[in-house]
Amino acid sequence: MALTDPAPPTHFIKRIIEEDLKTNKYDGRVMTRFPPEPNGYLHIGHAKSICLNFGLAETYGGLCNLRFDDTNPTKEEFEYVESIKEDVHWLGFDWDDRLYYASDYFEQLFDYAVQLIKKGKAYVDSLSAEEIKEYRGTLTEAGKESPYRNRSIEENLDLFRRMRAGEFQDGTHVLRAKIDMASGNLNMRDPVMYRILHAEHHRTGNKWCIYPMYDWAHGLCDSIEKITHSICTLEFEDHRPLYDWFLEELGVYQPQQIEFARLNLTHTVMSKRKLLRLVEEGYVRGWDDPRMPTISGLRRRGYTPEAVKDFSERIGVAKKDSMVDIKLLEWCIREDLNKHAPRVMGVLRPLRVVIENYPEDQVEELEAINNPENPTMGTRMVPFSRVLYVERDDFREDPPKKWFRLAPGREVRLRYGYYITCVDVVKDKKTGEVVELRCTYDPATKGGWSPDGRKVRGTLHWVSAGHAIEAEVRLYDHLFLKANPEEVEEGGDFKSNVSPNSLEVLQSCRLEPSLAGATPKSRYQFERLGYFCPDPDSSVSKLVFNRTVTLRDTWAKIEKKMKEEIKQ
RNA sequence: UGGGGGAUCGUCUAGCGGUAGGACGCAUGACUCUGGAUCAUGCUACGGGGGUUCGAAUCCUCCUCCCCCAGCCA
C-alpha cells in the first residue's frame, strides 16, 4: 500500500452527510435522533444505532435527540423508559434538554390528521380489522377499496372527532390515509393512521383513546424536530414513500431517511420478542442477565462502554444483511481490559499445596505487578505461606506432551513467588481423587528468579490458603450453541439451541486478600484466567464475581489439536 | 407470479475505471515470571454469463441467489 496515512474510516451515511453539508442542503445543520420504543430493554444492536446517531451528530457538529416512540400504550412502560435513559448515558452520550416523546406531539398529530381529512386525503373506515385485512389484497393482487372510502369530508371530520371523544368501542373505526389500494407497495394501500384504544398511556394517562400508528407518527415527529438525517433500519425502506407522502401532502419540513442493516451477532438473538421469551420462560435470570446481549446484561457482565463503542465502530455501517462474529466483541473487551484492568490472583478450583520445607508459621509479603501493560499502576503485596491453593487444572498426574505445568516431579514457578517441585500426591483413599500436593520450594528463587539461571516453562497463579478470601464465581459461555440460533430442525424453534452450559457457578473459589471489598464497578484480570468483575449480588459477607471473558487460551488450542491428531 | 433492498477473504468492511486493502478469525514462528500481552510471517474473496474499454469489483446488459413487506406492532 501507499505510504500515506490510511483513509479515515467512512461509510455511506457519512458520505451522504458530507455531501449535504457541501451543498448546504439543511443550512449546514446535522440533526439526528435515537427513537426507541419503551417496550423492552436495549440490546447491542441498539447500541450500534445509538453510537451511529449520537456519533454522527458529534463528528459533524450537530445534535442528537432522544425520542421515545410511545404510540402504543398497551406495550409500553415507564420502567423501560428509565432503563433506556440509563443505557444511553452509560454508553457516554447525552441529549441535554432534548428528551422528547412522540406523545408530546399527540395534539399536533391530531391537527395534522384533521388537515388531511379536510384535504380529502384521509377517511374514517368502519370495516373490522379482519375485513381491512381481506380488502388489503396480497403481495401479487391489488386490494379493494373500502365501501367507507368515499364518505364526505364533513362526515369524516365528525366521526374522527367522535373517535377522539370516546364515543366508540375499540376496533369499530380507524382513520386511514386515502392513497392507492392497488399500489405494489402494501404500505401505500390506505394505511391506518389512528386506531381506537381505550388504554392508559404511561405519560398521557387517559387523555386519549385514539392513538397514532407508528407510520403516521414517526415521520412527522422527525419533521417537527427538524431532523436532517433520519437513520433507521432496512425494513423501513419501503415505508419511506409513505412518510414522504404524508410530509408532502401536509407541506411540512421533510427530513431525509437513510436505512442501514441492523446488527446480528453469532451465538445470540437480537429481537426484543425473543429476548423477552428467554426472560419470561426462565432461560435467563432477567433482562440484565450477563448472558444477554442487552446493554444492561453486557454492563453486568463487565463490558465497558469503551469496548462497546469500539465494537460499534469496527463493525461498520452498510446495507448488506450480515452476522458479526461474537469473537470480535470479545476481542474488543479484552483489548480494553488488557490495558486498564489490574491483575490479581484467584483460584477458581482450588487444589491444596503444602510446601514441606517452608517454615510452619512464616508469612512473606511478595511484591506483585498490578499491570505489566501500564507500570504506573504500581505494585501490591501478596502474602505467601506454607499452605497454598493452586488451580486444579494446573496439575496432571499423567501429563501430556508439551505440558509445562505441575505434575509429579515437575518444577514450576509460582508467580512472584518461588519455584516449587511436586514431590508427592495425596489422594482420597475411597475416591482416588487428588486432594493435596506435597511440594518443596527452592528458597533461592524468591520473587520468581533462579540465581543459577535454570529455566522453568510453567508459571502458575496461586493464593495463600490462610489469607485467601472465599468467593462465588460465575462463568459464562455463549447463550446459544449454534452461531445462528435460528437454524433449527423442522418445526423446532430457537430455544432448542440454547446452550446447557452457558452458566457455571463455582463456589469456594479463593481470591487474594486485596480483593476484599471490591465494588461492582471495578474490573480485574485474574491472571491466566480472564477478566472478572463483582456482581451486584455481592454482599459484605460474600463476594460474587462474573467472568466477563476468558483470556486467549493457547494451551487449550494445543491440547485440542493433540487430541484431534490422536483420533486420526 | 407485486413492490423495495442486497451480493468482495471464514466473518465484518474498504475500494467509486488503473490491476483487491484493513480488522477479527485461523495457522506458523519469535519473545515472555500470565501458554496473557507484544512482534513477525502466512491464509483458495470480487455470485454467474455476455458487453463497453488499452484496462472493469467499479460502467452497460441478462441471469442467479439472499433479505424485507399482506399488524388496528414498532
Side-chain angles (χ1 to χ4, degrees), chain A residues 1-2 6-7 9-11 15 35-37 39 69 71-72 74-76 125 127-129 132-134 136-143 170-176 182-189 191-197 210-211 213-215 217-218 232-241 259 261 266 272-273 314-325 327-332 334-335 338-339 343 345 369 372-373 402-405 413-417 419 447-449 456-461 483 525-530 550-559:
Chain A
M1 250 325 259
T10 189
H11 51 69
R15 263 200 290 273
E37 182 191 14
N39 69 341
D69 261 327
T71 55
N72 185 352
T74 65
K75 289 189 176 170
E76 294 149 8
D125 195 0
L127 250 26
S128 69
I132 287 180
K133 187 178 174 175
E134 283 165 29
R136 185 152 29 231
T138 68
L139 291 180
T140 52
E141 296 163 67
D170 288 6
T172 52
H173 307 279
V174 290
L175 184 73
R176 299 177 74 176
S183 173
N185 181 347
L186 267 42
N187 297 120
M188 303 299 272
R189 320 243 264 226
V192 173
M193 294 162 62
Y194 275 92
R195 74 283 216 192
I196 300 171
L197 239 37
I210 58 171
Y211 290 92
M213 297 290 290
Y214 173 87
D215 277 347
H218 193 84
C232 65
T233 44
L234 254 27
E235 68 269 29
F236 293 104
E237 208 145 16
D238 48 17
H239 293 232
R240 179 161 24 102
E259 307 85 6
T266 61
K272 278 191 200 170
R273 206 190 98 251
R314 285 171 184 279
I315 56 177
V317 180
K319 298 195 73 157
K320 180 176 68 167
D321 291 309
S322 63
M323 179 160 313
V324 176
D325 195 330
K327 282 181 173 165
L328 177 60
L329 215 211
E330 294 168 349
W331 180 84
C332 288
R334 283 195 192 104
E335 177 80 352
N338 177 47
K339 290 190 191 110
R343 267 101 240 232
M345 291 196 283
I369 294 165
E373 300 292 315
K402 296 180 185 170
W403 176 265
F404 32 86
R405 278 119 95 148
R413 171 169 38 231
L414 294 179
R415 179 135 235 227
Y416 304 121
Y419 289 9
W449 294 104
V456 286
R457 291 297 297 276
T459 300
L460 309 188
H461 61 278
Q525 183 194 101
F526 289 8
E527 292 216 28
R528 304 210 304 134
L529 297 173
T550 61
L551 250 31
R552 248 184 76 210
D553 191 347
T554 304
W555 166 248
K557 280 181 190 169
I558 294 170
E559 192 174 34

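Naming: A, B, ... by sequence-line order, numbering from 1 per chain. All figures in this text were calculated on a predicted structure; none of them were measured in a lab.
For A:Leu551, the listed nucleotide lying nearest its side chain is B:G36; candidates were B:C72, B:G36, B:G4. Nearest to the side-chain atoms of A:Lys320 among the listed nucleotides B:A37, B:A74, B:U8 stands B:U8. Side chain of A:Asp238, nearest nucleotide from B:A74, B:G3, B:G36: B:G3. Checking B:U1, B:G3, B:C26 against every side-chain atom of A:Asn185, the shortest atom distance belongs to B:G3. With B:G35, B:A70, B:G5 as the candidates, the nucleotide lying closest to the side chain of A:Trp555 is B:G35. The side chain of A:Arg343 sits closest to B:G36 out of B:G3, B:C72, B:G36.
Using a 4.0 Å heavy-atom criterion, one finds that A:Val174 contacts the bases of the nucleic acid, with or without backbone contacts as well. A:Pro36 comes within 4.0 angstrom of nothing in the nucleic acid, heavy atoms only.
A donor-acceptor contact under 3.5 angstrom links the side chains of A:Arg413 and A:Thr459, judged on distance only.
For B:U58 and B:C9, the P atoms lie 15 Å apart once the distance is rounded to whole Å. Taking the P atoms as reference points, B:G50 lies 16 Å from B:C46, given to the whole Å. Taking the P atoms as reference points, B:G51 lies 43 Å from B:A70, given to the whole Å.
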Its dot-bracket string being built from Watson-Crick and G-U pairs below 3.5 Å, with | for another strand and [ ] for crossing, RNA chain B has the pattern .((((((..((((....[..))))((((((.......))))))...(((((..]....))))))))))).....

Verdict with supporting geometry, A:Glu37 and A:Lys75, salt bridge (charged side-chain N to carboxylate O under 4.0 Å, His left out)
CA-CA 9 Å; A:Glu37 182 191 14; A:Lys75 289 189 176 170; over 6 Å; no

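A:Arg413 has no side-chain polar atom (N or O) that falls below the 4.0 Å cut-off from OP1 or OP2 of B:U34. Within the structure, every side-chain polar atom (N or O) of A:Lys75 is placed at least 4.0 Å from both OP1 and OP2 of B:A74. In this model, the phosphate group of B:G15 is approached by a side-chain N or O of A:Arg15 to a distance below 4.0 Å at OP1 or OP2.
Note on ring orientation: taking the six-membered ring where Trp is involved, the planes of A:Trp555 and A:Trp403 are perpendicular (angle over 60°, cut-offs 30° and 60°).
Between A:Asp125 and A:Thr554, the residue anchored nearer the 5' end of RNA chain B, judged by the nucleotide with its closest heavy atom, is A:Thr554.
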